[in-house]
S.K.: 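One structure is given below, represented as structure tokens, and several questions about it will come after.
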Amino acid sequence: MTTVSPTPETTPAATSLAAPHVSVGQTPPPSMRLRELAFGAACAAAVRAAARMGVADALGETPASAAELALVVDAEPVPLQRLLRALCCYGIFSETPDGKFVHSEMSRLLREDDPNSLRYIALWCTEPWTWEVWPHLDDAVRSGSSVFPETFGKGFFEYLHQDAGESAQVFNRAMTTSSVQSAQDVADLLDLTGVTTVVDIGGGQGHVLASLLEKHPSVHGTLLDLPGVVARADARLRDGGRLADRVRIVPGDCREDIPVEADLYIIKNILEWDDESTRRTLRNVVSAARSGARVVIIENLVDDSPSMRFTTAMDLLLLLNVGGAKHTRESLVGRMSDAGLQVGEIHPVNAYLHAFECVVP
């Protein structure tokens, strides 16, 4: 997308939009804070609008007016200014005293070319179907189960792939973004001393596995996930890729069987289904592994203070979509112990992920 390059002259439209600098004052009283939270959908919608319009991509390193940005993103200047000012209240973009806009740390994360971009994750969390299920949260809390089938007439993934193709593509981009960004953190954390074989269970496109293999040239790996998922595996792992000679790609459902023996099993961000599916997966690992094999389980936790707002929100969305849940430390350790794993140390991976080190008895 073209980036704004302001001209020396200020256009009449830009002059009319100039306004005093907008600043956020002291912490509001509880009554105002609750009002703001009740209007939380407006913030989510504003983030989505900016992401879809490519506003962050259009804004370069030079302050730009709403009128200048509007020419690039094909919008009306005044409504765009209103959108930007709403986002500035949350630290997404900043407004200068002369009414122009500049990037903030958060607005840069909406750029598609930012190495830590959250553009597709922001879109995924605000896809059209989300606005239809959130109002039924009270029903999900009362029943303890997903409201998706009643709302859309079919299960979440069935709907996604049959009726919401664009949303499915956003989902794939969001999951890829998240996996790529955390893969190096996982590779940097894990000590593979004595490990010659590793399997990434439910590993998606295999970004974590690829990062591990690149860091440890003597290690061989296996990627296990559903057929439609591994068909899109990271190019480094597929035939002709630079890691292909050290990789097996195995299509399968880890809830049904794990036909792989390895020194190290990695399970990242998949133990979010119903309890029975989680228990089956962990039991399958124990059945497949030899005594002494390591199992590293990596998850977001709802009782992790720095990321609780994010993980508790995802926890509720999982309840709505598939009847699943994020875990607390206690609940995840309980599931692992019930499956027969010996739980060891717990390590932070980054600001929102933890790795649980386990051993098969």
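Numbers for residues simply follow the sequence, beginning at 1.
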S.K.: Can you find a pair of side-chain heavy atoms, one from Val250 and one from Leu223, that are under 4.5 Å apart?
M.R.: no
S.K.: Starting from Leu160, walk the hydrophobic network (Ile, Leu, Val, Met, Phe, Trp, Tyr; side-chain heavy atoms closer than 4.5 Å) and list everyone else you reach, by chain and number.
M.R.: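 Besides Leu160, the cluster holds Tyr120, Leu123, Trp124, Trp129, Val133, Trp134, Leu137, Val141, Val147, Phe148, Phe152, Phe156, Phe157, Tyr159, Val170, Phe171, Met175, Leu316, Leu317, Leu318, Leu319, Leu320, Val322.
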S.K.: Any salt bridge (charged side-chain N to carboxylate O under 4.0 Å, His left out) pairs touching residues 329-353, not counting sequence neighbours?
M.R.: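 Counting only pairs at least two positions apart or across chains, the salt bridge (charged side-chain N to carboxylate O under 4.0 Å, His left out) contacts touching residues 329-353 are Asp275-Arg335, Asp303-Arg329.
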S.K.: In the hydrophobic clustering that connects Ile, Leu, Val, Met, Phe, Trp and Tyr at side-chain heavy-atom distances below 4.5 Å, which members other than Phe310 occupy its cluster, ordered by chain and number?
M.R.: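 Result for Phe310 is Met314.
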S.K.: Any Lys/Arg nitrogen of Glu95 or Arg85 sitting under 4.0 Å from an Asp/Glu carboxylate oxygen of the other?
M.R.: yes
S.K.: Side-chain heavy atoms under 4.5 angstrom apart, residues restricted to Ile, Leu, Val, Met, Phe, Trp, Tyr: same cluster for Leu87 and Leu118?
M.R.: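 No: no chain of side-chain contacts under 4.5 Å links Leu87 to Leu118.
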S.K.: Looking at Lys268 and Glu299, is there a salt bridge between them, counting it only when a charged N and a carboxylate O are closer than 4.0 Å?
M.R.: no
S.K.: With a 6.0 Å cut-off (strictly less than), is the heavy-atom count around CG of Asn116, excluding the residue itself, greater than 12?
M.R.: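 Counting other residues, nucleotides and ligands, CG of Asn116 exceeds 12 neighbours.
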S.K.: Determine, for Arg238 against Asp234, whether the closest basic-nitrogen to carboxylate-oxygen distance falls under 4.0 angstrom.
M.R.: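 So Arg238 does not pair with Asp234 through a salt bridge.
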S.K.: Under the ring-ring contact (aromatic ring centres under 6.0 Å, His included) rule, what pairs show up with a residue in residues 326-361, not counting sequence neighbours?
M.R.: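 For residues 326-361, and leaving out neighbouring residues, there are no ring-ring contact (aromatic ring centres under 6.0 Å, His included) pairs at all.
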S.K.: Are there more than 12 heavy atoms of other residues, nucleotides or ligands under 6.0 Å from atom CZ of Arg52?
M.R.: no
S.K.: Just checking Arg309: does its CZ atom have more than 12 heavy atoms from other residues, nucleotides or ligands closer to it than 6.0 angstrom?
M.R.: no
S.K.: Any Lys/Arg nitrogen of Arg255 or Glu276 sitting under 4.0 Å from an Asp/Glu carboxylate oxygen of the other?
M.R.: no
S.K.: Would you be so kind as to tabulate the donor-acceptor pairs closer than 3.5 Å made by side chains of residues 190-199, with sequence neighbours excluded?
M.R.:
| residue | atom | partner | partner atom | Å |
| --- | --- | --- | --- | --- |
| Asp191 | OD1 | Thr193 | N | 2.9 |
| Asp191 | OD1 | Thr193 | OG1 | 2.6 |
| Thr196 | OG1 | Asp263 | OD2 | 2.7 |
| Thr197 | OG1 | Asp263 | N | 3.0 |
| Thr197 | OG1 | Asp263 | OD2 | 3.3 |

S.K.: List for me each residue that meets ring pair (Phe, Tyr, Trp, His ring centres under 6.0 Å) alongside Phe101, sequence neighbours excluded, and say none if there are none.
M.R.: none
